[in-house]
Amino acid sequence: MLQRGSMLFAALPAVLPVVLAPTLIAAAAPVSDFARKEGFAVQQIITADAAQLLRDWQAPDRATQSPTIERIGREQVVDSFIVFTGCKGDAIHRCNVTVDFTLIGPAGQIFAEHSNAVVAVGKAPPGGGALQLSEESLGIFIEPDDPAGDYVVRAVVTDHVAGIILSTERKLTVVEAP
């Protein structure tokens with residue numbers, strides 16, 4: 001895992017580089033955690049138990065209810081994954097889908113920008129509308145002195161073969177300790 005400033009960011013199974021910037025962004029119109037264009041669809045999920053999600057995802061009957069969260073306390077690790085279907089295969093029937101994550105703090109500041117995380121690269125498109133889980137996730141650790149409030153995890157997912165770009169956002173509320 002890689003620590004920058006007061007936030008810790010990591011990917012499962014690989015560590016992704018993080019660039020922190022003290023940039024402020026204007027509040028934008030809300031974007032859903034789900035997006036679709038043509039046959040390509042994505043949904044962003046945040047879980048406090050990535051290991052359980054990965055175990056459930058490997059089960060033959062797959063979990064029908066993902067262990068997702070919207071609120072976390074201090075010193076808790078959460079992961080943001082992309083669930084997808086319908087990526088387009090290239091000439092040898094392989095997808096090339098990546099995601100750019102941005103973590104935006106309660107005051108609109110960008111805490112991290114994280115580019116080219118692997119959703120599905122070099123794998124065949126899921127058949128029959130089957131859902132797939134991204135190969136990598138964005139891990140977030142909230143330090144004791146990080147601000148409480150509503151964070152936004154923005155994911156811009158690109159199907160490089162089809163030329164489709166979809167955006168999702170998930171709110172993650174950091175609460176003070178009880």
Side-chain angles (χ1 to χ4, degrees), residues 9-14 16 18 25-72 78-105 108 110-140 150-173:
F9 302 90
L12 293 178
L16 299 175
V18 174
I25 61 168
V31 175
S32 173
D33 65 350
F34 176 81
R36 162 175 272 169
K37 184 173 181 184
E38 298 167 14
F40 184 50
V42 300
Q43 183 170 16
Q44 183 185 165
I45 60 172
I46 298 177
T47 182
D49 193 348
Q52 183 63 50
L53 176 64
L54 293 170
R55 281 191 300 275
D56 290 347
W57 201 265
Q58 297 305 318
D61 58 350
R62 294 213 178 133
T64 56
Q65 186 74 315
S66 299
T68 62
I69 63 162
E70 294 179 359
R71 297 169 56 90
I72 64 170
V78 297
D79 289 272
S80 177
F81 285 89
I82 301 296
V83 176
F84 70 99
T85 190
C87 59
K88 185 174 180 178
D90 60 13
I92 57 171
H93 306 290
R94 300 291 181 235
C95 293
N96 182 2
V97 180
T98 60
V99 58
D100 296 335
F101 286 107
T102 304
L103 179 66
I104 303 163
I110 295 176
F111 270 81
E113 293 181 299
H114 211 60
S115 298
N116 293 315
V118 174
V119 174
V121 174
K123 294 188 176 191
L131 299 176
Q132 296 292 313
L133 188 64
S134 59
E135 293 179 33
E136 295 178 345
S137 68
L138 173 69
I140 304 167
D150 292 337
Y151 289 71
V152 173
V153 181
R154 182 173 294 152
V156 178
V157 183
T158 303
D159 182 331
H160 298 277
V161 177
I164 296 173
I165 299 172
L166 300 175
S167 295
T168 66
E169 289 185 355
R170 282 296 302 253
K171 182 173 78 169
L172 181 64
T173 302

Minimum side-chain heavy-atom gap Ile46-Asp33 below 4.5 Å: no

Of His114, Arg154, Gln44, Arg170, which is the lone residue that meets side-chain hydrogen bond (donor to acceptor under 3.5 Å, both in side chains) with Ser80? Gln44

Minimum-distance pair of heavy atoms, taken over all atoms of Cys95 and Pro125: SG-CA, 3.5 Å

Qualifying residues under salt bridge (charged side-chain N to carboxylate O under 4.0 Å, His left out), relative to Glu38, sequence neighbours excluded: none

Spatial distance of atom CZ (Phe101) from atom OG1 (Thr168) [nearest 0.5 Å]: 7.5 Å

What closest approach, in Å, do Cys87 and Pro126 show between heavy atoms, and which atom pair accounts for it? SG-CD, 3.8 Å

Shortest non-hydrogen contact from Ala48 to Ile69? CB-CD1, 3.9 Å

To the nearest 0.5 Å, what is the distance between CD on Gln43 and OG1 on Thr85? 12.5 Å

Do Lys123 and Gln132 come close enough that some side-chain heavy atom pair is under 4.5 Å? no

Could you grab the distance from atom OG1 of Thr173 to atom CD1 of Ile72, nearest 0.5 Å is fine? 9.0 Å

Show the numbers, then the answer: is there a side-chain contact (heavy atoms from CB on, under 4.5 Å) between Leu172 and Leu103? CA-CA 10 Å; Leu172 181 64; Leu103 179 66; 5.6 Å; no

Looking only at heavy atoms, which two atoms of Phe81 and Glu136 are closest? And how far apart? CD2-O, 4.3 Å

Shortest non-hydrogen separation from Ile82 to Ala155 and the atoms involved: CD1-CB, 3.9 Å

Which residues pass the salt bridge (charged side-chain N to carboxylate O under 4.0 Å, His left out) test with Lys88, not counting sequence neighbours? none

Pick from Val157, Val156, Asp100: which one makes a side chain to side chain contact (heavy atoms under 4.5 Å, CB included) with Ser167? Val156

Report, as yes or no, whether the 6.0 Å neighbourhood of atom CZ on Arg71 holds more than 12 heavy atoms from other residues, nucleotides or ligands. no

Smallest separation among heavy atoms of Arg94 and Ala124, with atom names: NH1-CB, 3.5 Å

Candidate pair Val83 and Phe34, rule side-chain contact (heavy atoms from CB on, under 4.5 Å), full reasoning: CA-CA 9 Å; Val83 176; Phe34 176 81; over 6 Å; no

Quick one: does Thr47's side chain have a donor or acceptor within less than 3.5 Å of a partner on Asp49's backbone? yes

Can you check side-chain contact (heavy atoms from CB on, under 4.5 Å) on Ile140 and Tyr151, steps first, answer last? CA-CA 11 Å; Ile140 304 167; Tyr151 289 71; over 6 Å; no

Are any of the side-chain heavy atoms of Val161 and Phe40 separated by less than 4.5 Å? no

Verdict with reasoning, Leu53 to Ile45, per side-chain contact (heavy atoms from CB on, under 4.5 Å): CA-CA 10 Å; Leu53 176 64; Ile45 60 172; 3.8 Å; yes

Look up atom OG1 in Thr68 and atom CG in Asp79, then write down how far apart they are to the nearest 0.5 Å. 13.0 Å

The side chain to side chain contact (heavy atoms under 4.5 Å, CB included) partners of Thr98 (sequence neighbours excluded) come to Asn96, Asn116, Val121, Thr158, His160

